[in-house]
Amino acid sequence: MTVRTRFAPSPTGLLHIGGARTALFNYLFARHHGGQFLLRIEDTDRARSTAAATQVILEGLAWLDLQPDEPAVYQSAREARHVEVAHALLDQGRAYRCYCTPEELTAMRETAIKEGRPPRYDGRWRDRDPAEAPAGVKPSIRLKVPRGGVTEVDDLVQGMVRVADAELDDMIILRSDNTPTYLHAVVVDDHDMAITHVIRGDDHLTNTFRQVQIYRAMGWDLPRFAHIPLIHGADGAKLSKRHGAVSVLEFEREGFLPEALCNYLLRLGWGHGDAEILSRDEAISLFDLDGVGRAASRMDYAKLTHLNGFWLRQADDARLARDVARRLADEPGLVLDETTEARIATLMPGLKERAKTLLELAASAAFLARRLPFAITDKAALQLTPEARAMLANLAPHLAATDFSAAAVDAALRAFAEATGRKLGQVAQPLRAALTGTTTSPPIDATLAALGREESLARIAAVTAATQDAA
RNA sequence: GUCCCGUUCGUCUAGAGGCCUAGGACACCAGCCUUUCACGUUGGUAACACGGGUUCGAAUCCCGUACGGGACGCCA
């Protein structure tokens with residue numbers, strides 16, 4: 001039997017970190033077992049589902065490279081089938097029509113809570129003669145849940161979980177407006193899509209017992225279930241649209257790499273010995289449900305950032321250069337032409353070594369896009385003492401005599417430092433300030449080489465000229 | 001309120017009765033490296049929620065307590 005998993009988000013909000021991890025686990029599990037990973041958009045709630053939210057989910061999954069193996073299934077398009085199954089249940093006497101009004105149900109719930117009983121439907125239409133149906137009330141269809149037994153679910157993560165059927169009430173499977181409820185649609189769709197493993201957040205664990213009733217009533221085989229613990233916000237509470245949930249696309253904006261987010265998410269709630277850094281391929285070969293923990297976890301940006309730094313250093317230079325150019329394009333005062341992009345690409349090995357996010361990377365590359373005259377930070381200005389400016393003026397001819405390769409420039413710098421009795425740092429720091437307007441950058445030889453002869457000498461001249469003006 | 005689930009360093013986790021003087025990672029502190037900043041590297045601080053059992057022996061098994069979370073919708 002081929003393993004088939006699915007990620008089934010509802011397009012009522014955004015794809016947040018919890019949903020992303022659920023999708024990841026489903027994807028990894030399917031791949032690990034050589035099966036398929038599917039996507040189903042649960043848009044049964046027409047009032048709250050939006051096309052925009054669906055789009056965001058699709059974009060988020062694409063960014064994370066968690067593409068489904070088959071076209072996405074839209075639950076709303078399967079309504080006729082859901083109705084069909086509900087009626088089949090009705091015909092078999094496994095479901096019945098309930099003529100309660102929403103008001104009546106609300107009242108029922110409130111009294112129950114007031115009297116300290118669980119707020120559940122009391123089954124008043126379960127065995128009542130439909131002939132007694134009040135005129136003008138459109139009925140909903142409820143599942144007739146067997147009484148008196150115990151339902152067991154052997155969850156792949158949570159282990160054996162039992163709930164007395166008495167805890168379950170006769171839930172609505174078809175609303176009075178003839179639309180299916182989530183509980184019903186999920187079961188029908190999972191069955192029809194031949195899903196073998198339902199991997200989802202453990203907020204669905206209790207729902208499972210209700211869903212099992214539908215499988216049984218229809219005589220369908222049960223899929224295996226795996227309820228993974230939720231990711232909590234910093235305060236320990238569930239992540240939701242209204243609570244600390246951030247769209248995965250927000251992570252992109254903040255300069256995180258999809259491979260880093262996936263690596264981080266994988267390690268949140270799943271472990272395999274001391275493995276920390278995992279590529280997609282390694283994740284696929286190592287991932288299984290027995291490595292998933294049972295306790296909820298919290299998001300830790302520091303660790304995500306660290307992993308991002310690692311994956312950034314692994315990333316392809318051209319890819320990073322493109323991203324940096326894109327991010328810098330919006331900034332005022334910068335020139336993003338071919339020359340700049342060539343400089344960014346050239347210096348990328350040195351730049352990416354020093355950045356943890358693409359935002360930092362772009363910021364550190366910004367000096368390459370500046371054109372004279374540009375501002376010098378206060379800290380950098382401190383380096384440019386009159387003495388240092390004079391030193392740079394003396395240094396310039398030596399640099400000009402080289403071919404401006406990093407090696408040649410490095411040799412010239414060292415020779416100059418030795419000849420003038422200075423430590424390399426005493427030469428490099430003022431030079432860095434003149435070249436970048438800041439106090440940090442990749443190694444000075446690489447920086448010089450990336451900027452090129454003309455620009456480098458111009459930038460040096462700009463600060464040495466200032467000396468002469470002052471003098 | 002009822003039912004369900006959980007609890008190992010600050011955080012993510014390893015741990016499936018003796019290998020645990022509880023390991024790793026992030027963060028933090030100190031040192032080394034060094035051309036700034038990073039990276040890297042060496043070392044350090046830091047945890048089995050609590051109480052009872054079971055056992056020669058428990059982080060690991062059982063029970064209880066506390067705390068946390070989830071579910072109880074004609075939402076998904």
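Hydrogens, waters and symmetry mates are skipped; everything else that's a heavy atom, side chains included, is used. Quick note on labels: first sequence line is chain A, next is B, and so on, each numbered from 1.
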Checklist outcome for this item: Under a 3.5 Å limit on both distances, the Watson-Crick or wobble mate of B:U60 is none
Item to check | Nucleotide B:A71, atom C1' - distance to CG of A:Asp169 in whole Å | outcome: 12 Å
Checklist entry - Quick one: is B:C39 close enough that its OP1 or OP2 comes under 4.0 Å of any side-chain N or O from A:Lys356? => result yes
Item to check | Presence of donor-acceptor pair under 3.5 Å, side chain of A:Arg354 and base of B:C37 | outcome: yes
Checklist entry - Should we say atom CG of A:Asp378 is surrounded by more than 12 heavy atoms from elsewhere, each under 6.0 Å from it? => result no
Checklist entry - With a non-hydrogen cut-off below 4.0 angstrom, is A:Asp43 in contact with a base, only sugar-phosphate, or nothing? => result nothing
Item to check | side chain to side chain donor-acceptor pair (under 3.5 Å) partners for A:Thr151, two or more places apart | outcome: A:Asp165, A:Gln213
Checklist entry - Say you pick atom C1' in B:C5 and the same atom in B:G43; how far apart are they, in whole Å? => result 41 Å
Checklist outcome for this item: Partner of B:A16 under the Watson-Crick or G-U wobble criteria, both distances under 3.5 Å, comes out as none
Item to check | Any strand: nucleotide that pairs with B:U41 via Watson-Crick or wobble, under 3.5 Å | outcome: B:G31
Checklist entry - So what does A:His204 touch, heavy atoms closer than 4.0 Å: a base, only the sugar-phosphate, or nothing? => result base
Checklist entry - Would you say A:Arg109's side chain and A:Pro119's backbone share a donor-acceptor pair under 3.5 angstrom? => result no
Next on the checklist: What's A:Leu431 touching, base or sugar-phosphate or nothing? Going by heavy atoms closer than 4.0 Å.
Outcome noted: nothing
Item to check | Length of the line joining A:Ile231:CD1 and B:G69:P, which is rounded to integer Å | outcome: 17 Å
Next on the checklist: What's the closest nucleotide to the side chain of A:Arg210 if the choices are B:U35, B:C72, B:G73?
Outcome noted: B:C72
Item to check | Partner nucleotide of B:A49 by Watson-Crick or wobble geometry (both distances under 3.5 Å) | outcome: B:U65
Show every donor-acceptor pair shorter than 3.5 Å between a side-chain atom in residues 360-368 of chain A and any protein atom, with sequence neighbours excluded, or say none if there are none.
unit_1   : atom_1 : unit_2   : atom_2 : d
A:Glu360 : OE1    : A:Lys356 : N      : 2.8
A:Ser364 : OG     : A:Glu360 : O      : 3.3
A:Ser364 : OG     : A:Leu361 : O      : 2.9

Item to check | Polar pair under 3.5 Å, donor/acceptor by atom type, side chain A:Thr206, base B:C4 | outcome: no
Checklist entry - Tell me: CZ of A:Phe209 to P of B:C5, nearest whole Å? => result 8 Å
Item to check | Same-atom distance (C1') from B:C61 to B:U55, integer angstrom | outcome: 10 Å
Checklist entry - Contact class for A:Leu205 vs. all strands (heavy atom < 4.0 Å): base, sugar-phosphate, or nothing? => result sugar-phosphate
Checklist entry - If the C1' atom of B:C9 is compared with that of B:G18, how far apart are they to the nearest Å? => result 24 Å
Checklist entry - If we take the C1' atom in both B:G15 and B:C20, what is their distance in whole Å? => result 9 Å
Checklist entry - What nucleic acid atoms does A:Cys98 come within less than 4.0 Å of, heavy atoms only: base, sugar-phosphate, or nothing? => result nothing
Checklist entry - Among A:Phe287, A:Phe7, A:Trp270, whose ring pair (Phe, Tyr, Trp, His ring centres under 6.0 Å) with A:Phe25 holds? => result A:Phe287
Checklist entry - Heavy atoms under 4.0 Å, any strand shown: does A:Arg200 hit a base, just sugar-phosphate, or nothing? => result nothing
Checklist entry - When you measure from the side chain of A:Val161, which nucleotide among B:U35, B:A76, B:C4 comes out closest? => result B:C4
Item to check | Partner nucleotide, any strand, of B:C72 [Watson-Crick/G-U, under 3.5 Å] | outcome: B:G1
Item to check | nucleotides 6-15 of chain B: protein proximity per nucleotide (B base, S sugar-phosphate only, - neither; heavy atom, under 4.0 Å) | outcome: SS---BBSS-
Item to check | Rounded distance in Å between the P positions of B:C48 and B:U8 | outcome: 10 Å
Checklist entry - How far apart are the C-alpha atoms of A:Leu58 and A:Leu39, what are their side-chain angles, what is the distance that settles it, and do they pass the side-chain contact (heavy atoms from CB on, under 4.5 Å) test? => result CA-CA 10 Å; A:Leu58 261 21; A:Leu39 174 66; 3.6 Å; yes
Next on the checklist: If I pick the C1' atom on B:A30 and the same atom on B:G70, what distance separates them, to the nearest angstrom?
Outcome noted: 44 Å
Checklist entry - Across the strands shown, which category fits A:Ser364 at heavy-atom distances under 4.0 angstrom: base, sugar-phosphate, nothing? => result nothing
Checklist entry - Mind checking the C1' distance from B:A47 to B:U41? Whole angstroms is fine. => result 26 Å
Checklist entry - For A:Arg120 and A:Arg414, take the nucleotide of RNA chain B holding the closest heavy atom to each; which residue's nucleotide lies nearer the 5' end? => result A:Arg414
Checklist entry - More 5' along RNA chain B: A:Pro139 or A:Gly425, using each one's nearest nucleotide? => result A:Gly425
Checklist entry - Taking it one step at a time, do A:Ser441 and A:Arg432 satisfy side-chain contact (heavy atoms from CB on, under 4.5 Å)? => result CA-CA 7 Å; A:Ser441 83; A:Arg432 184 166 353 248; 3.0 Å; yes
Next on the checklist: Taking pairing as Watson-Crick or G-U wobble with both contacts under 3.5 Å, can you name the mate of B:U11, or confirm there isn't one?
Outcome noted: B:A25
Item to check | A:Tyr182 and A:His204 aromatic ring geometry - parallel, tilted or perpendicular at 30°/60° bounds | outcome: tilted
Next on the checklist: In whole Å, I'd like the distance from the OH atom of A:Tyr121 to the C1' atom of B:C3.
Outcome noted: 21 Å
Checklist entry - Across the strands shown, which category fits A:Pro442 at heavy-atom distances under 4.0 angstrom: base, sugar-phosphate, nothing? => result base
Item to check | Length of the line joining A:Leu424:CG and B:U34:P, which is rounded to integer Å | outcome: 12 Å
Item to check | A:Arg6 to A:Phe37 six-membered ring, cation-pi geometry met (6.0 Å, 45°) | outcome: no
Item to check | Between C1' of B:U36 and CD of A:Glu353, the distance in whole Å | outcome: 14 Å
Item to check | Distance, P atom - from B:G52 to B:U60, rounded to whole angstrom | outcome: 14 Å
Item to check | Gap between atoms CD1 and C1', on A:Ile277 and B:G40 respectively (whole Å) | outcome: 14 Å
Next on the checklist: Could you tell me how far apart A:Lys423 (NZ) and B:U36 (C1') are, to the nearest whole angstrom?
Outcome noted: 13 Å
Item to check | Parallel, tilted or perpendicular: ring planes of A:His184 versus A:His82, cut at 30 and 60 degrees | outcome: perpendicular
